[in-house]
Q: 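Structure provided below as structure tokens; questions to follow.
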Amino acid sequence: MTTNISGSSTPGLAVLLGLALLLAPAAIAQEAAESQEPGAGQTAEEPAAEAEGAEPAPAFIAEIVVTAQKREETLLEVPLSVTAFTADMISDNLITNLQEISIRTPGMNYGNFGDQKLSPLSLRGVFGDTSTAGADPAVSQYVDEVYIGAGAGAFIDLFDIQRAEVLRGPQGVFFGRNSIGGALSYTTKRPANEFEALFEGTYGDYNYHRLGALVGGPLVKDKLAGKVTFTSNGRDGTFQNLWLDRDVNTQGSWSARGQLLWTPGDATQLTLTGEHSEIDQESLHYETLKYNDEQLFVQLIDAFGLPRNEDPYDRDLYGDIEQPETLEMSGYSLHITAPIGDVGLTSITSYRDHEYSSIRDTDATGLRWLYDGDPEQVDRFSQEIRVAWATAKTSLLFGVYYYDQTSNNQSFVNLGVDATEILIGMPMEIGAGSDATLSTTSYAGFANLTFTLSDRADLSAGLRYTRDEKEIDYSQEDPLELFGGTFTLQAKDDWGAPTPAFNFRYAFSDDLRGYANVSRGFKSGGFNDGLGSGDGISFDPEFLWNYEIGLKSRLADGRVTANIALFYMDWSDIQIVADNPDTPNFDPITANAGAAHSTGIEGEIMALPSRHWTLGMNFSVLEAKYDGGTDLEGNPLDRIPYSPDYTVNLSAEYRGGLSGRTNWFVGGGILSRGELYLTDDNQEDGRVGPYNLVDARLGIEGTDGRWRVTVWGKNVFDKAVKQRLIDMYDLFLIGQKFIALNDPATYGVTLRFAF
């Protein structure tokens, strides 16, 4: 049975896990005391770790190295709020996509709208609705330091990822482009100078099947290495279209990546990467939450005797067409690191392009009534050059960045033959469409200087100046004047801003660090490139100041790590997306809406209370509100959407030995979210009450790490949660409110072999 979540209590397992984390230091002390004396069947020279059938977890938590400041630092050292996922974390938790990263990260929210293009990413309440490639995101994404933006062009499979880093707060100095709320940085695994091969296969319900494979190794010993990676995903539909009697909301994709690593000298490396991905699926399906009986179309539904969607959470819906979604994406990059005397030079050159298309049954009924789509083509080129230099007391990093993007967005809304026969007496297909080419050119220069004040303290100051130039060539055909009429226009503008950052770091001890930072973020203005009135085509930049303090610690001889951060963010000229009030139909546009703030606390704890247990918890408490702003119709704004007032993620895993060569393990997690809203006007229909999702896994593996078999379940209690609200309630052609839902309970088995 599927359950609608409007509020729920944390399950008992969450309480047990929380108590276990609080008791972890005592358990560790007890473990240390017991280890002083031989156990049964052991001697002092033969530690418990080597006992038959009792293979332990590591005695301490391994250090995680990140590159949040364009240099290698441990999580303990880096003076930023960072959540990092290593390759083992990604593999052990069966993480395959951005949604699963997001739900495990404090303060992060991914609005999974059911498609590749429209889903927004939010950090600490800062989000941007990236409905097209022409709309910049608030949280930038990078692969191997290459900007990939958001939306359709940011599709990435997490197989063979070395590390994923979520950097909270504006990253205006080191990452720059559109990192006003934060950045998500993926690092792929580089080719190795030893042969490697890996196969991973998964099968689950809904005919879910996933294959991942890689092979790599030296081509010229110690000089040239290569690797090829391939993944494929597929799934039958998790929703049922009762009108067409077929499963919908399917998945289908494949990706391939090839890499060459040339090492001509001890400190010189050139990495050439080429990748290609394709998606062919049917994912754009929404349920009707509410009907407006006063609107023409709803009256026609009843007049024609068509069924209504009686239960918006049962994953049964209606529609008279298939809704294909396709994507072809390619990317190429050249990453060079080389020493020149006492300085290090880095050059990153990249080209990426993608072509995306989709169509949706807008009215979600059996009538041939209304259809919409938003295809786009995008080309991106970027070049970054930076130099690093250091002495005993000072380190300096500076560089330049160039970015060029051309996007072509072609939005359309078509009236079907039933609509035109009723409205104009002629059964024919007619509609409105736009063709917008938007060119973006961005230039930036940046520098960061770090001073060592003492053995315990250092101070950093950084600055980036970014200048964006945008130009749009727009045309619209709208014979029925539903979206502002037929017109053409050209426009261009440019915006520039400095984004400074200041950071103070202090080491109270080797295992306790504190930091304080102040940083500014900037996201440029732009042009709306979808259907709509030309009067609302442009919007202004937005800015954000972040003030943050934090503590990071390593306790109990490295068997506990605990980090905490407090922050306040002041956001001005905020860009919001809302329906254009100047037209009679639903055509959301971006506009500016005053100021907002975001304040909260975040924490992360990891503990190894014994040789067999691994426990984890992270949390955030957040207040993200507008400061007296209004929407496009003048209505007051309150809470920022997609900003849960708390997140709590609890995890636990137990590992035991079956034999000297085999371990077994059982684990799982509770992913909790507090109340949030899906619309700027905070309407009750867009409220999502507190909810919990539970994952579980059970498996066996070789102690040498070469093979593993895992039986798993995700969302095992089948909680149905609203992900998006589309409000067309007062439009005479629709008269409905639609919602998107999360995935239902899924189960499967994964086999992994390394050679």
Q: Is there a donor-acceptor pair under 3.5 Å between the side chain of Thr486 and the backbone N or O of Asp478?
A: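 Checking the backbone N and O of Asp478 against the side chain of Thr486, a donor-acceptor pair under 3.5 Å is found.
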Q: Please step through side chain to side chain contact (heavy atoms under 4.5 Å, CB included) for the pair Leu622 and Ser643, ending with a clear verdict.
A: CA-CA 8 Å; Leu622 175 69; Ser643 304; 3.9 Å; yes
Q: Using only heavy-atom distances, determine whether the side chains of Arg464 and Tyr401 contain a donor-acceptor pair under 3.5 Å.
A: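 No - no donor-acceptor pair under 3.5 Å links their side chains.
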Q: How far apart are the closest heavy atoms of Ile103 and Arg673, and which atoms are they?
A: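 Minimum heavy-atom contact is O-NH2, 2.6 Å.
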Q: Any luck finding a side-chain donor-acceptor pair between Ser140 and Ser179 under 3.5 Å?
A: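 Looking only at side-chain atoms, Ser179 and Ser140 do not form any donor-acceptor pair under 3.5 Å.
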Q: Measure centre to centre between the rings of Tyr110 and Tyr642, then say whether the value is under 6.0 Å.
A: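 They do not qualify: ring centres at least 6.0 Å apart.
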Q: Go through the steps for Phe487 and Tyr474 under the test ring-ring contact (aromatic ring centres under 6.0 Å, His included), then give the verdict.
A: CA-CA 8 Å; Phe487 62 92; Tyr474 182 95; 5.6 Å; yes
Q: Can you name the nearest heavy-atom pair linking Asp645 to Gly674, along with the distance?
A: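 The answer is OD1-CA, 3.2 Å.
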Q: Ignoring hydrogens, what is the shortest heavy-atom contact between Pro106 and Thr83? Give both atom names and the distance.
A: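 Closest approach of Pro106 to Thr83: CD-OG1, 3.7 Å.
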Q: Measure the OG1-CZ distance between Thr394 and Phe451 for me, rounded to the nearest 0.5 Å.
A: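 Taking OG1 in Thr394 and CZ in Phe451, the distance rounds to 6.0 Å.
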Q: Any side-chain heavy atom of Arg380 within less than 4.5 Å of one from His354?
A: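 When only atoms from C-beta onward are counted, His354 and Arg380 do touch, with a gap below 4.5 Å.
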Q: Less than 4.5 Å apart, any side-chain heavy atom of Val688 and any of Tyr677?
A: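 No, every pair of side-chain atoms sits at 4.5 Å or beyond.
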Q: Step by step, would you call Thr441 with Asp404 a side chain to side chain donor-acceptor pair (under 3.5 Å)?
A: CA-CA 5 Å; Thr441 304; Asp404 183 82; 3.3 Å; yes
Q: Decide yes or no on salt bridge (Lys or Arg N to Asp or Glu O under 4.0 Å) for Arg168 and Glu548, but give the supporting numbers first.
A: CA-CA 10 Å; Arg168 290 182 287 273; Glu548 180 176 332; over 6 Å; no
Q: Please list all pairs passing the salt bridge (Lys or Arg N to Asp or Glu O under 4.0 Å) test where one or both residues lie in residues 481-503, with sequence neighbours left out.
A: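 Those involving residues 481-503 are Arg467-Asp494.
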Q: If you measure from the Lys or Arg side-chain nitrogens to the Asp or Glu carboxylate oxygens, is any gap between Arg639 and Glu675 under 4.0 Å?
A: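 Glu675 and Arg639: salt-bridged.
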Q: Check the angle between the aromatic planes of Tyr403 and Tyr147 and answer parallel, tilted or perpendicular using the 30° and 60° thresholds.
A: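 Geometry flag for Tyr147 against Tyr403: perpendicular rings.
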Q: Answer with yes or no whether the side chains of Asn517 and Ser519 bring together a donor and an acceptor at under 3.5 Å.
A: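 No, Asn517 and Ser519 have no side-chain donor paired with an acceptor closer than 3.5 Å.
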Q: Are Glu145 and Arg386 side-chain neighbours, meaning at least one heavy-atom pair lies under 4.5 Å?
A: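 Answer yes - side chains close enough.
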Q: Quick one: do Lys523 and Asp136 make a salt bridge, cutoff under 4.0 Å?
A: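 Not counted as a salt bridge, because no side-chain N and carboxylate O are separated by less than 4.0 Å.
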Q: Starting at CG of Leu184, measure out to CG of Leu123 and round the result to the nearest 0.5 Å.
A: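 Spacing of CG (Leu184) from CG (Leu123) equals 8.0 Å.
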Q: Check whether Phe155 forms a cation-pi arrangement with Lys117 (NZ or CZ under 6.0 Å from the six-membered ring centre, at most 45° off the ring normal).
A: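 No, cation not above the ring by the 6.0 Å, 45° rule.
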Q: I'd like to know if Arg505 and Glu77 make a salt bridge, using a cut-off of under 4.0 Å between side-chain N and carboxylate O.
A: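 So Arg505 does not pair with Glu77 through a salt bridge.
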Q: Considering only heavy atoms from C-beta outward, does the side chain of Val173 approach that of Leu463 to under 4.5 Å?
A: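 When only atoms from C-beta onward are counted, Leu463 and Val173 do not touch, as no gap falls below 4.5 Å.
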Q: Show, in sequence, the C-alpha distance, side-chain angles and deciding distance for Tyr286 and Arg724, and conclude whether the side chain to side chain donor-acceptor pair (under 3.5 Å) test is met.
A: CA-CA 9 Å; Tyr286 303 124; Arg724 185 188 189 190; 3.1 Å; yes
Q: Begin from the C-alpha positions of Met728 and Thr362 and carry the test side chain to side chain contact (heavy atoms under 4.5 Å, CB included) through to its verdict.
A: CA-CA 10 Å; Met728 301 185 183; Thr362 317; 4.2 Å; yes
Q: Partners of Gln281 by side-chain hydrogen bond (donor to acceptor under 3.5 Å, both in side chains), sequence neighbours excluded?
A: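 For Gln281, the residues satisfying side-chain hydrogen bond (donor to acceptor under 3.5 Å, both in side chains) (neighbours in sequence not counted) are Glu325.
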Q: Any side-chain heavy atom of Gln259 sitting closer than 4.5 Å to one from Leu272?
A: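 Gln259 does not reach Leu272 side chain to side chain.
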Q: What verdict does the side chain to side chain donor-acceptor pair (under 3.5 Å) test give for Gln490 and Asp473, after you've listed the backbone C-alpha separation in whole Å, the side-chain angles of each residue and the deciding distance to 0.1 Å?
A: CA-CA 5 Å; Gln490 293 79 38; Asp473 187 351; 3.2 Å; yes
Q: Specify the closest pair of heavy atoms between Gly149 and Pro137, including all atoms of both residues, with the distance to one decimal.
A: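 Gly149 and Pro137 have their closest heavy atoms at C-CG, 4.2 Å.
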Q: Between Asp727 and Gln683, does any side-chain donor sit less than 3.5 Å from a side-chain acceptor?
A: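 Checked: Asp727/Gln683 side chains pair up, N/O donor to acceptor below 3.5 Å.
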Q: Please examine the side chains of Pro641 and Leu678, heavy atoms only from C-beta on, and report whether any two atoms are closer than 4.5 Å.
A: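 No, side chains not in contact.
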Q: Take Ser255 and Asp157 through the side chain to side chain donor-acceptor pair (under 3.5 Å) test and state the conclusion after the steps.
A: CA-CA 7 Å; Ser255 300; Asp157 191 288; 5.4 Å; no
Q: Before giving the answer on side chain to side chain contact (heavy atoms under 4.5 Å, CB included), spell out for Asp573 and Asp540 the whole-Å C-alpha distance, their side-chain angles and the decisive distance to 0.1 Å.
A: CA-CA 7 Å; Asp573 299 318; Asp540 295 326; 5.6 Å; no
Q: Looking only at heavy atoms, what is the nearest atom pair of Lys470 and Gly525, with distance?
A: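 Closest pair (atom of Lys470, atom of Gly525, distance): NZ-O, 3.0 Å.
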Q: Could you go step by step and tell me if Glu165 and Leu167 meet the side chain to side chain contact (heavy atoms under 4.5 Å, CB included) rule?
A: CA-CA 6 Å; Glu165 302 172 32; Leu167 317 177; 4.0 Å; yes
Q: Going by atom types only, do Gln377 and Ser407 share a side-chain donor-acceptor pair under 3.5 Å?
A: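 No - no donor-acceptor pair under 3.5 Å links their side chains.
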Q: Does a sphere of radius 6.0 Å around CD in Glu72 hold more than 12 heavy atoms from other residues, nucleotides or ligands, not counting ones at 6.0 Å or beyond?
A: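 For Glu72, atom CD is not crowded (no more than 12 foreign heavy atoms under 6.0 Å).
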Q: For the residue pair Tyr186 and Leu98, what are the closest heavy atoms and their distance?
A: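 Nearest heavy atoms, Tyr186 then Leu98: OH-CD1, 3.7 Å.
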Q: Hey, would you say the Tyr443 and Tyr402 ring centroids sit under 6.0 Å apart?
A: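 They qualify: ring centres under 6.0 Å apart.
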Q: If we count only N and O atoms by modelled type, under 3.5 Å, do the side chains of Tyr351 and Asp379 hold a donor and an acceptor together?
A: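 Their side chains do contain a donor-acceptor pair, which is all the 3.5 Å distance test asks for.
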Q: Compute whether any side-chain donor of one residue and acceptor of the other, for Gln383 and Ser347, lie under 3.5 angstrom apart.
A: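 Yes - a donor-acceptor pair under 3.5 Å links their side chains.
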Q: Angle between ring planes, Tyr142 versus Phe175, binned at 30° and 60°: parallel, tilted or perpendicular?
A: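 Rings of Tyr142 and Phe175: perpendicular, over 60°.
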Q: Is there a donor in the side chain of Asp468 and an acceptor in the side chain of Ser524, or the other way round, less than 3.5 Å apart?
A: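 Yes, because at least one side-chain N or O of Asp468 sits under 3.5 Å from a partner of the opposite role on Ser524.
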Q: Whether the Ser460 and Thr450 side chains hold a donor-acceptor pair (N or O, under 3.5 Å, no angle test) is what I'd like checked.
A: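 The criterion, which ignores hydrogens and geometry beyond distance, is satisfied for Thr450 and Ser460.
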Q: Is any side-chain heavy atom of Ile385 less than 4.5 Å from a side-chain heavy atom of Leu345?
A: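 Yes, at least one pair of side-chain atoms sits under 4.5 Å.
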Q: If we only count heavy atoms from C-beta on, is the Thr346 to His335 side-chain gap below 4.5 Å?
A: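 Thr346 reaches His335 side chain to side chain.
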Q: Looking at CG of Asp529 and CG of Asp374, how far apart are the two atoms once the value is rounded to the nearest 0.5 Å?
A: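 It is 8.0 Å, given to the nearest 0.5 Å.
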Q: Going through the distances and angles, do Arg124 and Glu623 end up as a salt bridge (Lys or Arg N to Asp or Glu O under 4.0 Å)?
A: CA-CA 9 Å; Arg124 294 179 170 177; Glu623 179 187 84; over 6 Å; no
